[in-house]
Structures are given as structure tokens and as C-alpha cells.
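Taking it in order: structure first as C-alpha cells, then the write-up.
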There are 2 protein chains.
Amino acid sequence: MLERVETGNAAAGGAASSTGAAAPVVGPIARRPLHEEAVDRLRSAIVQGELAPGIRLNERVLSERLGISRTPLREAVKLLATEGLVELLPNRGAIVAPVDAERLAQTLAVMGALEALIGELACAQASESDIAAIRALHYEMMAAHARRDLAAYFAHNQAIHLALVEAGGNAVLAHTYRQLNANVRRVRYMANLSPARWDAAVREHEEILAALTARDGVRLKALLSDHLAHKTAAVLAALQDGAAREAA
Amino acid sequence: MLERVETGNAAAGGAASSTGAAAPVVGPIARRPLHEEAVDRLRSAIVQGELAPGIRLNERVLSERLGISRTPLREAVKLLATEGLVELLPNRGAIVAPVDAERLAQTLAVMGALEALIGELACAQASESDIAAIRALHYEMMAAHARRDLAAYFAHNQAIHLALVEAGGNAVLAHTYRQLNANVRRVRYMANLSPARWDAAVREHEEILAALTARDGVRLKALLSDHLAHKTAAVLAALQDGAAREAA
DNA sequence: TCTCCTGATTTTGTATGCAGAATACAAAAA
DNA sequence: TTTTTGTATTCTGCATACAAAATCAGGAGA
């Protein structure tokens, strides 16, 4: 967990050896900044619960683990703080942000407001190949569901929702959505959903795909909103549940 | 412009000398981190156009001007990059993000989606004193309009919209809204609005206040959406205008 | 035993140093 | 004159050094 970074920036284009084929001449591989690497690393560690809510992020320890110095690490931590994944304690460093039901509910409410725009834009702007890609993801997700493979299901589910927002062609919307979503995913990983809710979610996805295919924006908006509302209920319930179990 | 920081963190509460009066004991004033100071400084400099779009942010120069070292400054710049106010060029530092009509339109679309939630929450959650405060701001704005004092008008206008979103009690929503808004404000500063649009905006604000007072969420939602749509049109038009004038 | 102080240690926040990349400049070639 | 190539300088990205704040350990006193 949290392996060293090993500056994996090896020449992406590789030696375009041999014949001077119509190779696009790769271009000089911009090395990825370490702070970005650190952001990604830490974000996924937090989202996947590898770094539990509330634990302190000791700079020295983390910088050793990631194999980078404190400077880019601190930059990364501050970025994650704006995403709400970590909390900055003045003069006392940072902790992984505790999961707060109130805040989570607020986040989901904002995402709900965005769903309307997402549905509208997706229907209006998605290319046929965008839709085809989403359909492919949908069936892969169905397969995961049939297999009761929760991890794969989540992964494809995420991919679908991201593809939907991307298809709308509004980069700001996509960025905002992603950022909010990070906090929700964290809880998702913690909470298994009930079989009933799982089945219902899959049915909802069927309808979502149908509406998108028909490019029925009004309907897609409504479906996405409902879908999120159900998800909200499930997530908050799971959270309550977890808290209760904790207390026992 | 961009005066040194002078660590204005002087004991905020001042010496709580003399009698142990019921002073709220200020607490040992947590010194404000320099990177935060830098963020605020740079953000307002950019929003107010003091740092023009496209110009390079030379680290050495900036750190000297602000009187802080490069480390916290770099942290600040990276934070502003996530807000979209600056653009990071790998190995070549950062520039003030160019104003891009496309991106601005996308930002405004997202804000539009949020307006619905803002209106709903404000009507449902605002306290009477919240509403009173907004009303006070409203009249101050009206005064500024009567005086044709554009700067004061903008300031109060901003304050009203922020108060509205704050009154809803959803901190995540407020945070998201603020962030998106920074990019719009920048253009606002650049573009004077036409007298006709100004008058119309004021009338819209009258209706907004009325709907809030009546706690008519449905109506407030619609009004805020329309208001933003008009603003969007005005802002984009002003932007076109500016570009055209530039070309001439 | 508990509380409160005091000094040592850890940890953060900030500044500075260093290597490599990018740019600017100047001379040579076309 | 224009383009190209080699060199010097500037700047960024990262690491490290240093100072201030916080935490911890131990002991004195109640």
C-alpha cells in the first residue's frame, strides 16, 4: 500500500526506432510533476479507505513512503484539502477528513442539482459513439451484477456516470462533479449495498440508458435525479448503520 | 498594488490586559498560514484584473512583492489553479488563466444548475434575520444603483448572492458556488453593463427579494435561474465586445 | 493519585540551496 | 537578411535546512 512513486515517467513514446515510419514523432515527454502523482496516490488511498478517516498525515512518514520530499507532498495535501478529502489543522498538520453525514448529505444535494444539467447536456451533446461507449459499460456493469462482483460493479458504475457527464461536453461541470464525487465514493467503498437496493439500481440504469438512447433529456434528468436520491438514501442509511455497529 | 504581506497577524484580540472582564478570551490567535494569505492576495489581484489574463507569474518576483518565500507562494498558485484562475505550464511556471468565453459559458451553466438548489434552500432554511440582512444589502445595492456607483453596486450584488447561498445552510453548495463565481467576477470587473441591463437586473432583484420574503421557493428558483441566464448573456456579450475592441 | 509545571523531542511552517529544464542571446551558416 | 546552432542566463521543481509551535515525558507539589 502506498508504494513509492519510482518516477514512472519513463519515455512514454519509447524509442521510435527502426524505419522512419509515419510515427507522429512522439514529442518531448513532459515529466509528470511529483505533486500531481502524490495527489492521485493520496486521493485513491483515501477514497479506498486505505487511509482511514481521522488518521493523521505525518509529513515525514508520508514523504518517505511515497519517496518524495515534503515540498510537493505538502502541495498535494493542500489540494486535497480543497476537495474536502483532508482537513488542515493549523500548526498541527492534516488528517484524513472524517466522514460527516451532514456534509455528505450536502454534497449529494449539490450533485443532485448537477444531475439535471448532466442529463440535459448528455442527451443534447453526446455523440453516437459516446452513447455506444456508455452502452458497452452498461453491459459490463450488468455482467458484474450478475456475477455479484461488487467491486467490478462499482467500477463500471462510476465509469458510466463519469462518461455521462463527460459526454455533455461541459468540462467545468465534469470537474465539479468529479470533485464532489470523491467524497461520496469514499463512503461507497465502506458500505455494501443491500441486495434489494442493488437490483433496483440496476433497473434504474436500464432506464437511464434507454432515455439516453432516445435522447429524451427531460426523462433522463428525472431519472438521474431519482437515481441519485435513492443512492443518497442508501448511502446515508449505510452510514448510520456503520455508526451504530461502531457504537455496539 | 500587491503590497507586502507584513504578517498582519498581530494579536487579533490585542492584549486582554486589565480586568479579567467577560472578554470572549480571543484565544491564542492562530497565526494565519502564509499560503492562505497568498491565495487571498493573488485571487483578488486576479479577479480585479490587477494581474491581467495571460501574464506570467514569476515566482521570484511575486515572492518578493508579497514578502513571502517561494514555498508558500507555490502552494497558493497550485490552489488557484484548481479554481481555474491560473494555468500551470509544466516546467514553465504559471500564468493568469486567459479568459475563455467557452469555459466561462460552461461555468455559468453549472452555476445555473446550482441556482435551483440555492433558491429552494434559501426559502426553506433562511432565518428571518438572514432575510433581514439580505433586505438590508438589497437596499444598499439600490442606493448604489441610484447613485450610478458601479463598484458599490457590484460589491453589494455579490454580497447578496453570497448571502443567499449561505442562508441555505449548505456549506458544500456555498463553497462550490464561490469557487465557480471567482471566474465570473473576473469578467464582471472587465465589463461594464449597459444601462438597460443594469436597470433590468435591479428589477429582477426586487422580485428575488419578494419571493424570498414570501418564502416562495418555486418562484425564487425560477427567478434566480432567469437572472443568471440574463447575466450570462450580458457577460458573454461584453466579452465579445471586448474581444472585438481588442481586435480593432 | 491527580494536577500542573518544565524541559526534551517531534512536527509543522517557512526559507534557502541545488540540479535540470526552458528561454534568451549571439555568432555562424544559408 | 533569414535561419540555425551553440552558449549563457533565468526560472522552475524538488530537496533540504532552520525556526517556531506543539506534543510528550517526567517530576514536584497538592
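Being a predicted model, the structure only gives us computed values, none of them experimental. Naming convention: chains lettered A, B, ... in sequence-line order (proteins, then strands); numbering from 1 in each chain.
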Legend entry - Listed once per pair and sorted, the salt bridge (Lys or Arg N to Asp or Glu O under 4.0 Å) pairs that draw on residues 102-118 of chain A, sequence neighbours left out: none
Which protein N or O atoms sit under 3.5 Å from an N or O of nucleotides 21-23 of chain D?
unit_1, atom_1, unit_2, atom_2, d
dT23(D), OP1, R92(A), NH1, 2.8

Legend entry - Helix axis bend for the helix from dT1(C)-dA30(D) to dA30(C)-dT1(D) - C1'-based end axes, five pairs, 10° rounding: 10°
Legend entry - Sugar-phosphate, base or nothing in reach of L57(A), heavy atoms under 4.0 Å: sugar-phosphate
Inset, instruction - Would you mind classifying the nucleic acid contact of R74(A) as base, sugar-phosphate or nothing, using non-hydrogen atoms under 4.0 angstrom? - result: base
Name all residues meeting the side chain to side chain contact (heavy atoms under 4.5 Å, CB included) criterion together with [X]; count only those two or more places apart in sequence or in a different chain, and write none if there are none.
X       : value
A101(B) : L239(B)
R92(A)  : L89(A)
A116(A) : K221(A)
N183(B) : L85(B), R186(B)

Legend entry - Exam field: side chain H156(A) to backbone A152(A), donor-acceptor pair closer than 3.5 Å: yes
[X] [atom1] - [N] [atom2] separation (whole Å):
X      : N       : atom1 : atom2 : value
N58(B) : dA22(C) : CG    : C1'   : 13 Å
I68(B) : dG13(C) : CD1   : P     : 14 Å
E59(B) : dA21(C) : CD    : C1'   : 13 Å
L34(B) : dT16(C) : CG    : C1'   : 15 Å
E75(A) : dG13(C) : CD    : C1'   : 14 Å
E64(A) : dA15(D) : CD    : P     : 13 Å
L88(B) : dT12(D) : CG    : C1'   : 11 Å
L66(A) : dA15(D) : CG    : P     : 11 Å

Legend entry - E59(B): partners by salt bridge (charged side-chain N to carboxylate O under 4.0 Å, His left out), with sequence neighbours left out: R70(B), R74(B)
Inset, instruction - Using the test salt bridge (charged side-chain N to carboxylate O under 4.0 Å, His left out), find all partners of D40(A) that sit at least two apart in sequence or belong to another chain. - result: R32(A), R43(A)
Please tabulate, for the side chains in residues 159-166 of chain A, all donor-acceptor contacts under 3.5 angstrom to protein atoms that are two or more places apart in sequence or on a different chain.
unit_1, atom_1, unit_2, atom_2, d
H161(A), NE2, N157(A), OD1, 3.3
H161(A), NE2, H205(A), NE2, 3.3
H161(A), NE2, H227(A), NE2, 3.4
E166(A), OE2, R178(A), NH2, 3.0

Legend entry - Pairwise side-chain contact, H35(A) with L79(A), heavy-atom cut-off 4.5 Å (strictly under): yes
Pairs under 3.5 Å (N/O, protein and nucleotides 16-18 of chain D):
unit_1, atom_1, unit_2, atom_2, d
dT16(D), O4, T71(A), OG1, 3.1

Inset, instruction - Could you list the residues that satisfy side-chain hydrogen bond (donor to acceptor under 3.5 Å, both in side chains) with S129(B), not counting sequence neighbours? - result: S127(B)
